[in-house]
Amino acid sequence: MPKQFWLVKSEPDVYSIDALERDGSTPWEGVRNYKARNNLRAMKLGDDVLFYHSNAKPPGVVGMARVWREAYPDPSQFDRKSGYFDGSSDPADPRWSRVDLAFVARLPRMVSLDDIKADPTLADMELLRYGRLSVQSVTRSQFERVRKMGGLK
DNA sequence: GCCAACGTTGGC
DNA sequence: GCCAACGTTGGC
């Protein structure tokens, strides 16, 4: 399987690129949308990930991460005290998964949603077509374009 | 299986 | 705070 490329969204008030840089790596938990979950399950060790701040001013890509551990059951679905608890998930066949992501780099310049919208080569990004999906696939060329716009080689 | 009602996401 | 664009739920 060749390397794949992804984009994950997080509200900076909940978990920011600063937090990921501080932590080094983190479990990416709480995804409760089937399409996003399927993307998590398709991630392979070493895949590259764009880190996007949603509900930010402005929203946009702020850094890069890497898949550090492939999908495994998300414990928060069985934790009654968690906001992500899902009482209808069967412990013998857990419905929700998480991966671990590791910090790679912060972008010297954030690539805002407006920047992405203004760039013709990024017109096909899933971000613009189906904005609500919190774990998206991106192409290699989209990934490299955003990285370059963000000031990295 | 349809679909109305409701809930969530996230840009603005 | 509003609301468009979804996804989910549940009655039938």
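Chain letters run A, B, ... following the sequence lines, proteins first and then strands; every chain starts at 1.
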Margin query: According to salt bridge (charged side-chain N to carboxylate O under 4.0 Å, His left out), who are the partners of A/R132, at least two apart in sequence or on a separate chain?
Written below: none

Next item on the list: Describe the nucleic acid contact of A/K57 in one word from base, sugar-phosphate, nothing, applying a heavy-atom distance below 4.0 Å.
Entry: nothing

Check: Does a salt bridge link A/R145 with A/D119, judged by any charged N lying under 4.0 Å from a carboxylate O?
Finding: yes

Considering only nitrogen or oxygen atoms on both sides, find all protein atoms under 3.5 Å from nucleotides 1-5 of chain B and state each distance.
none

Item checked: Ring center gap for A/W6 and A/F51 short of 6.0 angstrom -> no

Checklist line | SB check A/D86 A/R32 (cutoff 4.0 Å) | finding: no

Distances under 3.5 Å between nitrogen or oxygen atoms of protein and nucleotides 7-12 of chain C:
unit_1 : atom_1 : unit_2 : atom_2 : d
C/dG7  : OP1    : A/Y130 : OH     : 3.0

Item checked: Sidechain N-carboxylate O distance under 4.0 Å for A/E144, A/K148 -> no

Next item on the list: Any chance you could measure A/W28, atom CH2, to A/R98, atom CZ, to the nearest 0.5 Å?
Entry: 12.5 Å

Note to self: Exactly one of A/V31, A/N33, A/N38 should register a side-chain contact (heavy atoms from CB on, under 4.5 Å) with A/K35. Which one does?
What the structure shows: A/N33

Next item on the list: Could you grab the distance from atom CD of A/E70 to atom NZ of A/K44, nearest 0.5 Å is fine?
Entry: 5.0 Å

